[in-house]
Amino acid sequence: MSDDEPLCPMTRPIVQQEQQGTTRWWCACGRSKSQPFCDGSHAGTRFQPIEVEVQETRVVAWCTCKKSAKGPMCDGSHSKL
């Protein structure tokens, strides 16, 4: 696996209720043991977590395959892996 590509830790989204006003840091490298959120495992890579501010209380499908064109949000790309 190239260091230019994120790891694919899971092949399904993590779906959960998020509260308005919450700030999350989505893992972009795929190395975090706290998927889908950053635990600092990107240190020493070119990847940085993506900040997501939840604007309204809602159910969110967080991408864990790291292939989504919508970044932190699942777009179904995992179904093509």
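Owing to the predicted nature of the structure, the values given are computational and were not obtained by experimental measurement. Heads up: numbering here begins at 1 and tracks the sequence.
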Task: Which atom of F47 lies closest to which atom of A28, heavy atoms considered - done: CD2-O, 3.8 Å
Task: Value rounded to 0.5 Å, distance of CH2 in W26 from CD1 in I14 - done: 11.5 Å
Task: Of all pairs that satisfy salt bridge (charged side-chain N to carboxylate O under 4.0 Å, His left out), the ones with a partner from residues 9-20, not counting sequence neighbours - done: E18-R24
- [ ] Evaluate the side chain to side chain contact (heavy atoms under 4.5 Å, CB included) criterion for residues C65 and L81: first the C-alpha distance (whole Å), next the side-chain angles of each, then the deciding distance (0.1 Å), finally the verdict.
- [x] CA-CA 9 Å; C65 73; L81 298 177; 3.6 Å; yes
Task: pair R31-T45: side-chain heavy atoms closer than 4.5 Å - done: yes
Task: Pairs flagged by ring pair (Phe, Tyr, Trp, His ring centres under 6.0 Å) wherever residues 60-81 is involved - sequence neighbours left out - done: F37-W62
- [ ] Mind listing the closest non-hydrogen atom pair of Q35 and P9 along with its distance?
- [x] CD-CG, 3.6 Å
TODO: Using a 4.5 Å cut-off on heavy atoms from C-beta on, say whether the side chain of D4 contacts that of R46.
DONE: yes
Open item on the list: Is the shortest side-chain heavy-atom distance between D39 and C27 below 4.5 Å?
Closed with: no
TODO: Mind checking side chain to side chain contact (heavy atoms under 4.5 Å, CB included) for S68 and listing every partner two or more places apart, or none if nothing turns up?
DONE: C63, K70, D75
TODO: Mind checking side-chain hydrogen bond (donor to acceptor under 3.5 Å, both in side chains) for T64 and listing every partner two or more places apart, or none if nothing turns up?
DONE: none
Open item on the list: Under the rule for side chain to side chain contact (heavy atoms under 4.5 Å, CB included), what residues qualify as partners of C38, not counting sequence neighbours?
Closed with: W25, H42, P49
Donor-acceptor contacts under 3.5 Å from residues 51-59 side chains, at least two apart:
unit_1, atom_1, unit_2, atom_2, d
Q55, NE2, E53, O, 3.4
T57, OG1, Q20, N, 3.0

Task: Rounded distance (nearest 0.5 Å) linking atom CD1 of I50 with atom CE of M73 - done: 9.5 Å
